[in-house]
Amino acid sequence: MKNLSRKSFVKYIAGASGLLVVPSILYAQQVQPTKTEKLPPLETSLVKEFVGNAHRDFARVKTMLDEYPDLLNSVNNLGGWDWEDALGAAGHVGIPDMANYLLEKGARMTICVAAMLGKIQIVRPMIEAFPYMKDSVGPHKISLMRHAKTGGQNSLVVLDYLKSIGAKE
């Protein structure tokens, strides 16, 4: 076995660490938004219509999002600390296809939507890191437990987990 000089060792470590860093940099560059211009704020009525449609009309949500991409993460302020976006709406009414579509477009995942989708690999670590999140609520103060119930068969593992840790209904 050949002895490594200090210089060779440093070069080896530098090269190996680059293999770890470069893929994450490339991935980060891929997910950065390409649009650089700042558009004016959306009209409140447009946001309200978009979020309202996310409770029931997947086709309309797609059409509106194609026309106004900034609607994706827009939130409707219903007052009294009740904020709702389209993903939250799809989450609490149990429309997994719409939720997945919005996530693919770049919507921001929440623990409530993860519960509805049955994503135990997201829900469990979040609660383990932040135990008080077992009693999280989403839009309209709908509990994490109710989101899991809304997911039906796909979210039974999350529902069982939440029951086992005493999450509030």
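Hydrophobic clustering of Ile, Leu, Val, Met, Phe, Trp and Tyr side chains at less than 4.5 Å, counting indirect connections, keeps Val113 apart from Leu78. Clustering ILVMFWY residues whenever any of their side-chain heavy atoms sit less than 4.5 angstrom apart, transitively, puts Phe130 in the very cluster that holds Val123. Residues Ile165 and Val157 share a single hydrophobic cluster, defined by chaining ILVMFWY side chains whose heavy atoms lie under 4.5 Å apart.
Qualifying ring-ring contact (aromatic ring centres under 6.0 Å, His included) partners for Tyr161, counting only residues two or more places apart in sequence or in other chains: none. By the side chain to side chain contact (heavy atoms under 4.5 Å, CB included) test, Lys149 is found to be paired with Met145, Leu159, Glu169, residues two or more places apart in sequence or in another chain being considered.
Remark: side-chain polar atoms of Asp135 are not paired, donor with acceptor, to backbone N or O of Ala167 under 3.5 angstrom. A donor-acceptor pair under 3.5 Å is formed between the side chain of Asn73 and the backbone N or O of Arg108. Between the side chain of Ser155 and the main chain of Ala148, a donor-acceptor pair closer than 3.5 Å is present. Of the possible polar contacts, one joining the Asn100 side chain to the Pro96 backbone as a donor-acceptor pair under 3.5 Å is found. A donor-acceptor pair under 3.5 Å is formed between the side chain of Lys134 and the backbone N or O of Gly166.
Note that the OG1 atom of Thr63 and the CZ atom of Phe50 stand 10.5 Å from one another [nearest 0.5 Å]. A distance of 9.5 Å separates NE2 in His55 from CE in Met98, rounded to the nearest 0.5 Å. Expressed to the nearest 0.5 Å, how far OG of Ser74 lies from CG of Leu42 amounts to 6.0 Å. Of the inter-residue distances, the one linking Asn76 atom CG with Trp83 atom CH2 reads 9.0 Å to the nearest 0.5 angstrom. Rounding to the nearest 0.5 Å places CD1 of Ile95 at 11.5 Å from CG of Leu117. Once rounded to the nearest 0.5 Å, the distance linking CE of Met126 with CE of Met133 reads 3.5 Å.
The 12-atom threshold is not exceeded at NZ of Lys119, counting heavy atoms of other residues, nucleotides or ligands nearer than 6.0 Å.
Residue Leu144 comes nearest to Ala115 through the heavy atom pair CD1-CB, 3.6 Å, listed as atom of the first residue, atom of the second, then distance. When all heavy atoms of Tyr101 and Leu65 are compared, the pair lying nearest together is CE2-CD2, 4.0 Å. In terms of heavy atoms, Asp85 sits closest to Gly88 at OD1-N, 2.6 Å. Among all heavy-atom pairs drawn from Ala90 and Ala99, the shortest one is CB-N, 4.0 Å. Cys112 approaches Gly138 most closely through the heavy-atom pair SG-N, 3.6 Å. Summarising the geometry of Pro125 relative to Gln121, their closest heavy-atom pair is CG-O, 3.1 Å, with the distance given to 0.1 Å.
Pairs passing the salt bridge (charged side-chain N to carboxylate O under 4.0 Å, His left out) check and including a residue from residues 43-52, sequence neighbours excluded, read Glu49-Arg60.
Residues Leu103 and Met109 are in side-chain contact: their nearest non-hydrogen atoms beyond the backbone lie under 4.5 Å apart. Counting heavy atoms from C-beta on, the side chains of Val61 and Leu102 come closer than 4.5 Å. A 4.5 Å side-chain heavy-atom check between Ile127 and Ile111 finds at least one atom pair inside the cut-off. Side-chain atoms of Glu84 and His140, non-hydrogen and from C-beta on, do get closer than 4.5 Å to each other. Contact annotation: the side chain of Ile142 never approaches that of Val137 to less than 4.5 Å [non-hydrogen atoms, C-beta and beyond].
Geometrically, Lys62 engages Phe58 in a cation-pi contact defined by less than 6.0 Å to the ring centre and at most 45° from the axis.
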For Met116 and His92, what are the C-alpha separation, side-chain angles and deciding distance, and is it a side chain to side chain contact (heavy atoms under 4.5 Å, CB included)?
CA-CA 7 Å; Met116 183 275 293; His92 76 78; over 6 Å; no
